[in-house]
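The structure displayed is predicted, hence computed values, not measured ones. Keep in mind that the numbers below use all heavy atoms, side chains included, and drop hydrogens, waters and symmetry copies. Start at 1 and go down the list; that is how both ligands and their atoms are numbered.
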Amino acid sequence: MQRKVVIFGRGGQLGVELCREFERRQWSVQAFDRQSLDITDDSLVEQAISEADPQVVVNAAAYNHVDIAEREPEAAYRTNALAVRNLAMACRQADVQFVHYSTDYVFDGAKGAPYVETDMPHPLGAYAVSKLAGELYAEAYLSSPLVIRTAGVFGPAGMFTPRGNFLELMLRLAKTTNPIRVVEDHVASPTYAPAIASRTVDLVEKNIRGLFHMAAGQPISWYDYAKMIFELASVSPMLHPTDEREYRTAARRPKCTPLSNAKLEAAGIAPMPPLREAVRDYLAAREHATAHRSS
Ligand SMILES: NC(=O)c1ccc[n+]([C@@H]2O[C@H](COP(=O)([O-])OP(=O)(O)OC[C@H]3O[C@@H](n4cnc5c(N)ncnc54)[C@H](OP(=O)(O)O)[C@@H]3O)[C@@H](O)[C@H]2O)c1
């Protein structure tokens, strides 16, 4: 019998890759973007799951507007927390495996070493609180959900999504003559969406559950990341380092949140690709998509 998965958030960077990866592995995929199903609509979610009757439900939908969430914390909470509660309840009702994604922002960034799954969360803003609440709801209503924390997601679909990603922002800014300022005192683990998708399906197919960190193994400052992007894209805009004192944002952000992949690798899952390789793959996919569009 063909295995079936329902994916919410099909329109996002990760949702696109999850659909592709499950299909490549011969799963039957039923996927919803925001236009076809808003996950905050409890009855539509329950109906979709019960009608599809899948073995697995994956939630890649999220409210990811970290700064805007400070103005509208309810909207972030509705999507990232209360909708996840309802998804978990629907999965329990239908006896379906639930896969959900969270963020390195559940931590405050003060540890000074890679975060492991047993470290205590301490979110710093409305977005981060809402994502942590989503994790807690999944774990409260289900005995063994798969919850994956990742960071700085970038995938080729970000070329076309309204929110985009850091690479797209940098490449857009590089087309202007204005100097580009990027923070040097914040360190991230930018993570490639296709790599998250393939390792997610590995975990699902091995029936591994629990809380896992899954991010690029290499922490890097946003400034150095921008430098790497420009070098690999062969562009040379005026790039200057700045810091959080000069570059204020509405939301407080953790300064340094590398995630350790040790638990993931101990579970027999392939290591995440090096960041340079992932950025190269991204740029190649981008070039291919651009050529395809203009032909
Ligand atoms: N992107 C990052 O840097 C990052 C970092 C850490 C963790 N994560 C987590 O990784 C996962 C995947 O992120 P991503 O990068 O793929 O995000 P993304 O590209 O922003 O995609 C999220 C998708 O969810 C949709 N969505 C938002 N609210 C919805 C709702 N109420 N009902 C249905 N769909 C809704 C969005 O639609 P609209 O575009 O119409 O809003 C968008 O298509 C998320 O759980 C995210 O929190 C992401």
Side-chain angles (χ1 to χ4, degrees), residues 6-21 31-45 48 57-69 72 74-87 98-107 109 115 121 123 125-135 137-138 145-169 186 188-197 199-200 212-216 222 225 251 253-254 257-259 278 282:
V6 168
I7 298 173
F8 295 102
R10 178 188 71 186
Q13 301 185 91
L14 182 54
V16 165
E17 302 302 334
L18 285 165
C19 290
R20 189 172 290 143
E21 187 63 25
F32 300 92
D33 60 13
R34 190 189 189 137
Q35 283 67 42
S36 53
L37 195 154
D38 186 317
I39 62 163
T40 61
D41 188 326
D42 297 357
S43 52
L44 281 184
V45 165
V57 165
V58 183
N59 178 34
Y63 176 111
N64 283 329
H65 306 286
V66 177
D67 290 312
I68 303 171
E72 46 177 50
E74 298 88 353
Y77 201 82
R78 261 197 308 278
T79 298
N80 293 342
L82 296 177
V84 179
R85 171 178 178 267
N86 191 62
L87 277 161
F98 182 50
V99 181
H100 178 64
Y101 296 92
S102 187
T103 170
D104 56 328
Y105 277 26
V106 298
F107 297 115
Y115 283 94
Y127 162 79
V129 167
S130 71
K131 291 296 288 183
L132 179 60
E135 289 185 13
Y137 276 129
L146 173 59
V147 177
I148 297 170
R149 289 187 185 136
T150 188
V153 176
F154 66 101
M159 279 180 75
F160 311 111
T161 58
R163 187 171 167 274
N165 59 41
F166 184 75
L167 274 104
E168 292 304 322
L169 174 64
H186 278 235
S189 303
T191 308
Y192 194 37
I196 305 173
R199 283 149 187 84
T200 298
F212 284 88
H213 288 177
M214 188 186 285
W222 289 101
Y225 181 31
R253 285 174 165 75
T257 50
L259 298 178
Y282 181 98

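Ligand 1 has a nitrogen or oxygen under 3.5 angstrom from a nitrogen or oxygen of D38. Residue A61 places no N or O, backbone or side chain, under 3.5 Å from any N or O of ligand 1. Distances between N or O atoms of N64 and those of ligand 1 include at least one value under 3.5 Å. Considering backbone and side-chain atoms together, I39 places an N or O closer than 3.5 Å to an N or O of ligand 1. Between H65 and ligand 1, no N or O atom pair is found at a separation short of 3.5 Å. Below 3.5 Å of separation, one finds an N or O of G12 facing an N or O of ligand 1. Residue-to-ligand polar distances keep A60 apart from ligand 1: every N/O pair is separated by 3.5 Å or more. Looking at ligand 1, you'll find an N or O of A62 within less than 3.5 Å of one of its N or O atoms.
The aromatic rings of F166 and Y225 sit parallel to each other, their planes meeting at less than 30°, with 60° as the upper class boundary. Using cut-offs of 30° and 60° on the angle between ring planes, the pair Y105 and Y127 is perpendicular.
Nearest protein neighbour of atom 15 (O) of ligand 1, counting heavy atoms only, is Q13 NE2, 3.0 Å. Of all protein heavy atoms, the one closest to atom 45 (O) of ligand 1 is K131 NZ, 2.9 Å. For atom 5 (C) of ligand 1, the closest non-hydrogen atom on the protein side is G152 N, 3.5 Å.
The two residues K131 and Y101 come nearest to each other via the heavy atoms NZ-O, 3.0 Å.
Every atom of ligand 1 with a heavy atom of Y127 under 4.0 Å away is listed here by number and element: 47 (O).
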